[in-house]
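Computed from heavy atoms alone, side chains included, the values below leave out hydrogens, waters and symmetry copies. Nothing fancy with the numbering, it's 1 onward along the sequence. Atoms within a ligand are numbered from 1 in the order they appear, just like the ligands themselves. Everything quoted here is computed from the prediction, not taken from an experiment.
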Amino acid sequence: MRQQAEHHKVNQQTASHRKAGRKITILSLCLILMLSILSGCSGNTDQSKEPEQTNQKQESGTEMTSNFKPGTYTAEADGKDGKIQVEVTFDEAENITDIRIVSQTETAGIGDTAIERVKEQIIAGQTLAVDAVSGATETSSALVAAVEDTVKQAGASLEAFKGRAVQKAGIGQVEQLTADVVVVGAGASGVSAAVSAADQGAKVILIEKTATIGGASNLSWAGKFYNSSAAVESGLKVEVEREIADWIINNHWRVDAAAIRQYVTKSGETYDWLAEKGYKTAFLNFAGEQLHVLPPYETRQEALRAMLAESVERQGGQVITETTAKKLMTNDKGEVTGVIAEQADGTTLEISAKSVVMATGGYAANKEMVKESFGFEGVNGGLGQNIGEGLQMAWEAGAKVPDNFGGQMLHQTLARATDKLKSQYSPFEASYPLMLTYLPNFMNVGPSGARFRDEASTLTAVAAANTSAFNGAYHLVIVSKLQLDALMEQGMNGVNAPKLPGMPPEFYASFQDQFTLDNPWKNADKVFDAMVKNGDGYKGNTIGELAQNAGMDQGVLTDAFTKYQEATRTGVDTEFGKDKAYLQPMGDQGPYYAIIAEINNLGSVGGLLVNTKFEVLNDKRVPVKGLYAVGLESEGVLFNDTYVGNGVGIGYSFTSGRLGGESAANSALAK
Ligand SMILES: Cc1cc2nc3c(=O)[nH]c(=O)nc-3n(C[C@H](O)[C@H](O)[C@H](O)COP(=O)(O)OP(=O)(O)OC[C@H]3O[C@@H](n4cnc5c(N)ncnc54)[C@H](O)[C@@H]3O)c2cc1C
């Protein structure tokens, strides 16, 4: 929905640019005359050719702006994960002939694919009014912004570039396809479902909204495949009955016991299945837990594509990317009979099938849906394109909305300050507030000012996020002057950090060499003041003033602070039992800072109820004929209200896909 709204906005802008463009033509001619008299110089860089300063006609017949200079121009803009630098070449006819990406650090397999797609659209249509690529809106917008900058530098007509429509050759065209099984979504679950269905002998069509295969698995670290051959060989075995019983109790019995049993007893086979198909995971004894580290990031997509080629395509099926499912087709008996989808060029696909498998990864990027079902939205750390379309389609076709709908995959908390600080300070300095949200040595309070947890829960990703979420939409990490001075003098050793903050490697990749416990936090006072100025934290010379500035209750924060001070003095935390080692003295001098920390949501969990054949159930808990669901869309059967499993996201997606695809194919082939 959010992306649809964004697209809508882009289209509106495009339309208004077109109208404005007509009015501007006359004005710009006058302006051009003035400018050419005044300078003729556009202040650009890297020009390879000097232009003729005359009004020229392009082949298309449009008037060229007189201060336009062909040549090569450089510019940069902030993408999702850093700067995107471009070198854009304009020919004499004011056309963009080449866009060279000088540097970029966007997410491999998602951002880089989007860059290529947007580049192609700009050059093919000589337009900046391009559609953002699904799942990579920020990357797409950054590339457009950088190219727009070069258009301005070149003195070319921005109105013309913004006014030309993207060519969508397929609008109005309808193509009809048939398959035994259609799988919607090519994340871990969708790819597995498509491959295993094809291996049963079914003709499979897999459609995927983006240009990327692999979905969130491309960003993930490890999966849990219980008692895999590798785990058992290593001597680490899980006692299955005990594991299942504990799982059910820990989820307050509000789960599908048969689904849990199926996952725990059959996920081990998935490890071998994946390995045989060339997607090799490496077993890791993770403090007694069986984890399987996914293949190197840069090889994953290729491995999944090879699996699809070997099974789906070889079997006569198709993998159709950049195609968004819009609606499920049903017959008069209410059975699902196919999918209507739209391709990037506007072509409508009507795909008839005997079984449809939904593998669309949930709705975490749909703020309204998360807010409504969960209470508040947090930060979406998952895929931007997962906006709940699959769920909406299935519900419209008769699927039940589960009674415990709203579970999320909450993972650590993030400092709201980081993004803005990154444009003001080095990546290491900009990450100071973020790092403190991962350390147990600081006092954490909720929006009221009350302390709410043993801060040692920050050491475990899922505990860190869920304790925060129970307490509200955000929490605050309190930092005193004594602590800030210690950080500036001795780095994290100064505050007795037990270990480096347990952030995912990509969070510190750009400052790996500075990411040590003894590196003094230079400029920390300035960084924290900037955080407050940016509106991403608070400051007060006294605890009372901090409470007032942060909108907390003064009495509540003062009371919490007094008790916490007492605990740091005595070494006994009577309220939460925090280990003495983490009870760091805070001194009694201001200023005090409060860092705003918000939950990081890696994905929604559930939305469709399924049985152990992965058939989607209706309000009467009877299968909707022809409809299946795997991966996150169906994962609510495993968890009551929140995701708690290390590696289960990946383990279940591959396993449910493998088993669900098989089941969908068997039913289709029997029809
Ligand atoms: C940053 C990050 C790190 C993670 N780390 C771990 C980890 O280490 N271990 C772990 O177990 N789990 C981890 N997870 C969770 C795990 O990645 C997911 O649970 C799992 O990959 C979900 O797989 P899926 O196939 O259900 O959904 P997805 O991977 O989300 O795939 C859904 C696919 O459907 C497509 N789609 C959406 N709508 C449509 C539509 N209308 N038409 C067509 N296609 C559509 C999407 O483009 C996407 O490709 C992590 C998640 C994230 C975001």
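- Contact record, Thr437 with Gln412: O-OE1, 4.3 Å, taken as the closest heavy-atom pair.
- Not a single N or O atom of Gly390, backbone or side chain, sits closer than 3.5 Å to an N or O atom of ligand 1.
- Closest to atom 30 (O) of ligand 1, if we only count protein heavy atoms, is Asn386 ND2, 2.8 Å.
- Between Gly381 and ligand 1, not a single N/O pair is under 3.5 Å apart.
- Near Glu389, meaning under 4.0 Å from any of its heavy atoms, are these atoms of ligand 1: 38 (N), 39 (C), 40 (C), 41 (N).
- Ligand 1 has no nitrogen or oxygen under 3.5 angstrom from a nitrogen or oxygen of Thr324.
- A heavy-atom distance below 4.5 Å is found between the side chains of Thr212 and Asn218.
- At under 3.5 Å, a nitrogen or oxygen of Ser189, whether backbone or side chain, sits near a nitrogen or oxygen of ligand 1.
- If you check which protein heavy atom lies closest to atom 29 (O) of ligand 1, you get Ala216 N, 2.8 Å.
- For ligand 1, the atoms sitting less than 4.0 Å from at least one non-hydrogen atom of Gly631 are 26 (O), numbered in the order shown with element in parentheses.
- Close approach of ligand 1 to Ala188 is summarised as follows: ligand atoms under 4.0 Å from at least one heavy atom of the residue are 25 (O).
- Here the protein heavy atom with the shortest distance to atom 8 (O) of ligand 1 is Trp221 N, 2.9 Å.
- Remark: the Arg117 side chain and the Gln121 side chain contain no N/O donor-acceptor pair separated by less than 3.5 Å.
- Distances below 4.0 Å separate heavy atoms of Leu219 from the following atoms of ligand 1: 1 (C), 3 (C).
- Neither the backbone nor the side chain of Pro504 has a heavy atom within less than 4.0 Å of ligand 1.
- Annotation: Leu632 places an N or O atom under 3.5 Å from an N or O atom of ligand 1; distance criterion only.
- Side-chain contact check for Thr210 and Glu208: at least one donor-acceptor pair (N or O, by modelled atom type) lies under 3.5 Å.
- Of all atoms in ligand 1, numbered sequentially from 1 with element shown, those under 4.0 Å from a heavy atom of Leu383 are 30 (O).
- Close approach of ligand 1 to Ala325 is summarised as follows: ligand atoms under 4.0 Å from at least one heavy atom of the residue are 40 (C), 41 (N), 42 (N), 43 (C).
- The protein atom (non-hydrogen) at minimum distance from atom 22 (C) of ligand 1 is Ser653 OG, 3.3 Å.
- A side-chain N or O of Ser667 and one of Tyr628 form a donor-acceptor pair less than 3.5 Å apart.
- For the pair Gly382 and ligand 1, the shortest N or O to N or O distance does not fall below 3.5 Å.
- Scanning the protein for heavy atoms near atom 31 (O) of ligand 1, the closest one is Gly187 CA, 3.4 Å.
- You'll find the ring centres of Phe654 and Tyr279 inside the 6.0 Å limit.
- With rounding to the nearest 0.5 angstrom, the CD atom of Gln262 is 9.0 Å from the OG atom of Ser656.
- The nearest heavy-atom contact from the protein to atom 47 (O) of ligand 1 is Glu208 OE2, 2.6 Å.
- In this model, no donor atom of one side chain and acceptor atom of the other lie less than 3.5 Å apart for Gln408 and Ser604.
- In this structure, the ring of Tyr363 has its center less than 6.0 angstrom from the ring center of Phe405.
- The atoms of ligand 1 that sit less than 4.0 Å from any heavy atom of Ala359 are 32 (C), 33 (C), 34 (O).
- In this structure, a donor-acceptor pair under 3.5 Å is absent between the side chains of Ser189 and Tyr652.
- With a 4.0 Å cut-off on non-hydrogen atoms, Lys209 touches ligand 1 through its backbone as well as its side chain.
- A donor-acceptor contact closer than 3.5 angstrom is absent between the side chains of Tyr226 and Gln290.
- Residues Leu236 and Phe286 fail the side-chain proximity criterion, which asks for heavy atoms closer than 4.5 Å.
- Aromatic ring centroids of Trp247 and Phe639 lie under 6.0 Å apart.
- The closest approach between a heavy atom of Ser217 and any atom of ligand 1 is below 4.0 Å.
- Between Lys400 and Asp403 there is a salt bridge, since a side-chain N of the basic residue sits under 4.0 Å from a carboxylate O of the acidic one.
- For atom 50 (C) of ligand 1, the closest non-hydrogen atom on the protein side is Ser220 OG, 3.2 Å.
- The N/O atoms of Ala222, backbone and side chain alike, include one that comes under 3.5 Å of an N/O atom in ligand 1.
- In this structure, a donor-acceptor pair under 3.5 Å is present between the side chains of Thr270 and Thr655.
- Neither the backbone nor the side chain of Ile387 comes within contact range of ligand 1; no heavy atom lies under 4.0 Å.
- Looking at Thr212 against ligand 1, nothing comes within 4.0 Å, counting heavy atoms.
- The shortest N/O to N/O separation between Ile650 and ligand 1 falls below 3.5 Å.
- By the 6.0 Å and 45° rule, Arg261 does not stack over the aromatic ring of Tyr263.
- Less than 4.0 angstrom separates some heavy atom of Val184 from each of these atoms of ligand 1: 42 (N), 43 (C).
- The proximity of Met409 to ligand 1, defined as any non-hydrogen pair under 4.0 Å, is limited to the side chain.
- Distance from atom 34 (O) of ligand 1 to its nearest protein heavy atom, with residue and atom name: Gly185 CA, 3.3 Å.
- Applying side chain to side chain contact (heavy atoms under 4.5 Å, CB included) to Leu349 and the options Ile320, Ile340, Val182 leaves one that passes, Ile320.
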